[in-house]
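A short worksheet on the structure shown next.
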Amino acid sequence: MLTWLSIGLVFTFTMIAVILLRWGNLQVVGVTPVRTFTFMAILFTSGLDVGLIMFPLTEFGGYAEDYSVTNPLAIEFGFWAFLIWGFYFLTCFYFCVIEPRVKFFEIPLVKVINNVVIIGTCAFTAYLLLKNLPWYLPEMGDDGTAQTVFYAIVFISIAMAVYSSTSLKYVRVLSVSTSWMFIGLIALFWYYAFMTENGTFGDFAGTLSLLGGYFGNIHEFMLPLSDYHAFYLYWWFAWSIMIGQFTSRFVGGLRTWQLLLAMLFLPSIAIGIWFTVLYYYHLEDIGTTGVFNILMVTVGITMVINSLDSLIRLYTDNLNLTVKRFGKGRYFAGNLAAMIGLTLLFQLEFLKIQWVGALVIGIYFACILYIITRYWSTVSRINSSPEENKLDYSLVDSAN
């Protein structure tokens with residue numbers, strides 16, 4: 001599977017270059033455009049999940065032992081930031097500018113496969129929360145009562161996401177609120193480490209400089225460094241189509257090159273600062289038990305709700321399983337049952353995210369072959385976003 005993954009990575013980076021060369025200055029406008037800050041908040045909270053909060057402290061130690069290419073902070077950053085956000089740029093641009101002309105994802109078989117990917121990845125997101133709660137809430141213990149509480153937290157999170165997906169008006173509020181919560185979490189952890197635990201701003205700057213190990217070795221991250229890196233890359237591929245499809249509707253008039261830079265740099269700044277703070281906690285053995293862990297879990301849960309909200313809305317729209325068609329009660333019950341059932345399948349290790357990512361790479365190749373054989377001239381003539389997409393920031397307020 002490493003060969004298949006490597007081919008997919010080379011193809012992805014090549015297509016990004018092609019888009020920049022052909023449509024670099026094209027103004028990208030979605031169906032319901034929003035202002036750039038809101039778009040980035042939607043992208044950040046929809047395009048990430050609980051792993052951003054919960055994984056780093058469990059992984060830094062292993063990276064120090066397993067990778068010689070650079071330091072553990074740079075490794076973690078490379079697994080979560082910068083280059084791999086290009087996956088989202090590629091699919092966001094495609095769904096905003098190209099898909100309306102070719103309608104590849106309207107082909108019945110493709111639509112079914114795509115929505116299987118979305119539903120499976122939704123369940124994997126909830127599964128990650130369930131898997132990591134015991135590590136971050138050790139005071140709960142590991143008996144049957146604690147496990148019941150963990151399952152209850154995950155199932156309630158799924159229920160909240162299903163409910164919030166019933167109306168698009170919740171997306172903006174939920175995404176912006178979660179972004180501010182994450183910024184607040186970073187600020188609190190930074191203050192505690194560098195103002196009350198004998199740390200200094202110089203310590204923070206010194207730790208932050210370690211991120212240079214990523215940029216100095218960025219070429220190393222363009223192909224899998226290990227099986228574990230491959231797991232992350234397949235995970236990003238699994239998310240890429242659905243996040244691009246969802247966020248494309250909110251692009252608010254950025255030029256293509258501006259959209260790429262915004263999607264690469266802005267999320268990476270927040271991720272880089274967060275990981276730097278956590279790495280300092282790791283190096284100095286600063287504990288996070290108690291209130292800090294609860295705050296991390298809280299922000300992680302809101303990210304899960306954001307992600308599930310966007311993905312549930314996406315597959316229900318694609319398959320016409322909407323509130324308008326079934327009513328809010330049946331919509332809620334059906335999606336809740338489906339998400340809980342699939343989450344339990346991941347818990348039983350019946351499903352693997354690598355399979356989903358490999359399937360997505362196959363969809364990439366099928367799409368480009370479809371365009372080359374049937375719509376090459378149409379795509380070659382594209383010089384603007386679809387005419388029906390208007391740069392009107394009020395449209396999102398009237399959308400369902």
Side-chain angles (χ1 to χ4, degrees), residues 8 12 15 30-32 39-52 84-100 102-128 158 161-162 164-165 168 170-171 174-175 232-251 259 263 267 303-322 335 338-339 342-343 346 351-367:
T12 298
M15 288 299 100
V31 176
T32 51
F39 170 74
M40 294 309 301
I42 292 172
L43 170 69
F44 189 79
T45 54
S46 300
L48 290 167
D49 61 19
V50 68
L52 177 75
I84 46 183
W85 285 77
F87 295 12
Y88 290 169
F89 162 77
L90 176 63
T91 54
C92 180
F93 180 88
Y94 170 82
F95 278 103
C96 194
V97 176
I98 299 176
E99 170 64 13
V102 304
K103 300 188 183 303
F104 172 74
F105 284 84
E106 293 300 314
I107 298 172
L109 179 59
V110 176
K111 177 179 284 191
V112 170
I113 294 173
N114 183 43
N115 285 287
V116 167
V117 168
I118 296 171
I119 295 169
T121 310
C122 276
F124 182 72
T125 299
Y127 159 72
L128 283 181
I158 294 172
V162 173
S164 66
S165 72
L168 194 60
Y170 297 126
V171 171
L174 193 58
S175 298
Y232 263 102
L233 291 169
Y234 272 126
W235 187 4
W236 281 92
F237 270 116
W239 278 74
S240 61
I241 290 179
M242 55 194 176
I243 294 301
Q245 188 175 0
F246 180 71
T247 58
S248 65
R249 68 181 66 182
F250 301 110
V251 184
L259 180 64
M263 294 179 79
M303 283 191 166
V304 169
I305 293 171
N306 269 275
S307 298
L308 293 181
D309 172 293
S310 59
L311 303 185
I312 292 169
R313 165 168 282 275
L314 187 59
Y315 78 70
T316 53
D317 282 350
N318 289 344
L319 298 174
N320 195 26
L321 304 174
T322 60
N335 283 289
M339 285 298 99
L342 287 169
T343 300
F346 272 107
L351 298 173
K352 292 185 181 296
I353 198 65
Q354 294 94 320
W355 303 344
V356 180
L359 182 58
V360 167
I361 293 174
I363 295 175
Y364 275 35
F365 290 132
C367 182

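Just the heavy atoms: all of them, side chains too, but no hydrogens, waters or symmetry mates, feed the values below.
- The distance from atom CD1 of Ile119 to atom OG1 of Thr316, rounded to the nearest 0.5 Å, is 9.5 Å.
- Between Tyr94 and Phe105, the ring planes are perpendicular. Angles over 60° get that label, and only those under 30° would be called parallel.
- In this pair, Trp236 and Tyr88 present their aromatic rings tilted. The plane angle is within the 30 to 60° band.
- A donor-acceptor contact shorter than 3.5 Å is absent between the side chain of Arg249 and the backbone of Val31.
- Looking only at distances, a side-chain donor or acceptor of Ser164 sits under 3.5 Å from a matching main-chain atom of Ala161.
- Taking the side chain as every heavy atom from C-beta outward, Val251 and Phe39 approach each other to under 4.5 Å.
- Here the closest non-hydrogen pair linking Ala126 and Ile158 is CB-CD1, 3.9 Å.
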Point to revise | Chi angles and distances behind the side-chain contact (heavy atoms from CB on, under 4.5 Å) call for Asp317, Phe246 | key: CA-CA 10 Å; Asp317 282 350; Phe246 180 71; over 6 Å; no
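- The side chain to side chain contact (heavy atoms under 4.5 Å, CB included) test with Phe237 singles out one residue from Leu359, Thr12, Ile84, Val356, and that residue is Thr12.
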**Study point:** Steps toward side-chain contact (heavy atoms from CB on, under 4.5 Å) verdict (Tyr364, Ile241)
**Key:** CA-CA 9 Å; Tyr364 275 35; Ile241 290 179; 3.7 Å; yes
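- Atoms CD1 and CD1, from Ile118 and Ile113 in turn, are 12.0 Å apart once rounded to the nearest 0.5 Å.
- Closest non-hydrogen pair, Cys92 versus Leu259, comes out as SG-CD2, 4.4 Å.
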Review point. Given Asn335 and Tyr315, is the side-chain contact (heavy atoms from CB on, under 4.5 Å) satisfied, shown in steps?
Key: CA-CA 10 Å; Asn335 283 289; Tyr315 78 70; 2.4 Å; yes
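- Under the 3.5 Å distance criterion, the side-chain polar atoms of Thr247 are left unmatched by any main-chain donor or acceptor of Leu43.
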Exercise for review: In sequence, state the C-alpha distance, the side-chain angles, and the governing distance for Leu311 and Ile243, and then conclude on side-chain contact (heavy atoms from CB on, under 4.5 Å).
Suggested key: CA-CA 8 Å; Leu311 303 185; Ile243 294 301; 4.0 Å; yes
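- Between the side chain of Glu106 and the main chain of Lys111, no donor-acceptor pair closer than 3.5 Å is present.
- Between the CD1 atom of Ile107 and the SG atom of Cys367 there is a distance of 8.5 Å, given to the nearest 0.5 Å.
- When all heavy atoms are compared, the tightest approach of Ile361 to Gly8 is CG2-CA, 3.8 Å.
- Of all non-hydrogen atoms in Ser248 and Phe95, the two that sit nearest each other are OG-CB, 3.5 Å.
- Applying the side-chain hydrogen bond (donor to acceptor under 3.5 Å, both in side chains) test to every pair with at least one member in residues 112-122, sequence neighbours left out, gives these pairs: Asn114-Gln245, Asn115-Asn318.
- For Val117 against Ala238, the heavy-atom pair with the smallest separation is CG1-O, 3.7 Å.
- Ser165 and Arg313 make their closest contact through O-NH2, 3.2 Å (heavy atoms, listed as atom of the first residue, atom of the second, distance).
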Review point. Yes or no on ring pair (Phe, Tyr, Trp, His ring centres under 6.0 Å) for Phe87 and Trp239, after CA distance, side-chain angles and deciding distance?
Key: CA-CA 9 Å; Phe87 295 12; Trp239 278 74; over 10 Å; no
